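Step one of this worksheet: look at the structure below.
Just so we're on the same page: letters track the sequence lines, and every chain starts at 1. These numbers come from a predicted model, not from an experiment.
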Amino acid sequence: GAVVSQHPSWVICKSGTSVKIECRSLDFQATTMFWYRQFPKQSLMLMATSNEGSKATYEQGVEKDKFLINHASLTLSTLTVTSAHPEDSSFYICSAKQGHSNQPQHFGDGTRLSIL
Amino acid sequence: KNEVEQSPQNLTAQEGEFITINCSYSVGISALHWLQQHPGGGIVSLFMLSSGKKKHGRLIATINIQEKHSSLHITASHPRDSAVYICAVRVDGNEKLTFGTGTRLTIIP
């Protein structure tokens with residue numbers, strides 16, 4: 001089946017550091033990738049939707065200058081959390097979808113980010 | 001009121017029991033997903049449904065579009081089925097998924 005690889009799986013860093021998370025589709029071309037954030041015991045919250053070669057569409061309340069998304073190729077999207085602070089500590093997970101809307105989303109294994 | 005409601009929120013059962021998790025939604029949808037999230041956080045897509053019923057191994061998913069309701073069934077449950085099961089819908093005309101709050105399932109040996 002379709003595989004989405006997310007890296008790193010776990011990050012601990014100091015406040016003020018920028019952290020980059022990669023999301024790769026390994027065996028299909030991902031025309032659309034989604035970035036989610038999940039706080040403990042809560043559901044996934046969509047942060048942004050990115051289509052290859054175009055600017056990401058951010059959900060209301062998500063700061064686009066803080067959460068930089070790049071979808072430069074059909075197999076790679078990156079999320080950079082700039083100048084991270086403890087309140088950015090969360091579980092970040094990406095998903096990727098191939099082609100038109102009837103295709104399912106395939107999820108990565110997520111990145112647990114802890115900012116000290 | 002959430003657009004996607006799941007019940008129960010938590011479910012503990014003995015190994016071998018038949019499990020049912022319910023999902024109700026209040027919007028028009030083009031598809032409904034059942035997802036499984038293990039303690040480590042990774043998410044596996046179990047089913048994508050737009051009508052009827054699908055079966056994969058011990059898992060069965062059904063959807064009733066008129067009643068805006070879906071169920072996920074697990075037969076002969078096993079401790080390895082312990083996870084959070086999430087219902088998510090794709091609203092008509094939209095690529096985004098709207099998620100339920102999940103059902104935490106624990107199967108006791």
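Distance check: B:Phe99 CZ to A:Gln38 CD gives 9.0 Å after rounding to the nearest 0.5 Å. Going from atom CG of A:Leu44 over to atom OG1 of B:Thr101 covers 11.5 Å, rounded to the nearest 0.5 Å.
One hydrophobic cluster, built from ILVMFWY side chains closer than 4.5 Å, holds both B:Val89 and B:Ile65. Linking ILVMFWY side-chain heavy atoms closer than 4.5 Å, directly or via other members, places B:Leu46 and B:Ile19 in a single hydrophobic cluster. Under the 4.5 Å side-chain heavy-atom criterion for Ile, Leu, Val, Met, Phe, Trp and Tyr, B:Leu35 and B:Leu59 are members of distinct hydrophobic clusters. No single ILVMFWY cluster, assembled from side-chain heavy atoms under 4.5 Å apart, contains both A:Leu68 and A:Val62.
B:Glu95 and A:Gln105 are not linked by any side-chain donor-acceptor pair at a separation below 3.5 angstrom, with hydrogens and angles left out of the test.
Both the backbone and the side chain of B:Ile43 come within contact range of chain A, judged by heavy atoms closer than 4.5 Å. With a 4.5 Å cut-off on non-hydrogen atoms, A:Thr32 touches chain B through its side chain but not through its backbone.
Listed here is the closest heavy atom pair of A:Phe107 and B:Leu97: CZ-CD1, 4.3 Å. Residues A:Phe34 and B:Lys96 share a closest heavy-atom pair of CE2-CA, 4.5 Å.
Counting non-hydrogen atoms of other residues, nucleotides and ligands closer than 6.0 Å to NE2 of A:His7 gives a total of 12 or fewer. For NZ of A:Lys64, the number of neighbouring non-hydrogen atoms (other residues, nucleotides, ligands) closer than 6.0 Å is 12 at most. Counting non-hydrogen atoms of neighbouring residues, nucleotides and ligands closer than 6.0 angstrom, the CD atom of A:Glu87 exceeds 12 such neighbours.
Among the candidates A:Glu59, A:Gln6, A:Arg112, the residue making the largest number of heavy-atom pairs closer than 4.5 Å to chain B is A:Glu59.
Contact annotation: the side chain of B:Thr98 never approaches that of A:Leu46 to less than 4.5 Å [non-hydrogen atoms, C-beta and beyond].
Looking only at distances, a side-chain donor or acceptor of A:Ser43 sits under 3.5 Å from a matching main-chain atom of B:Gly100.
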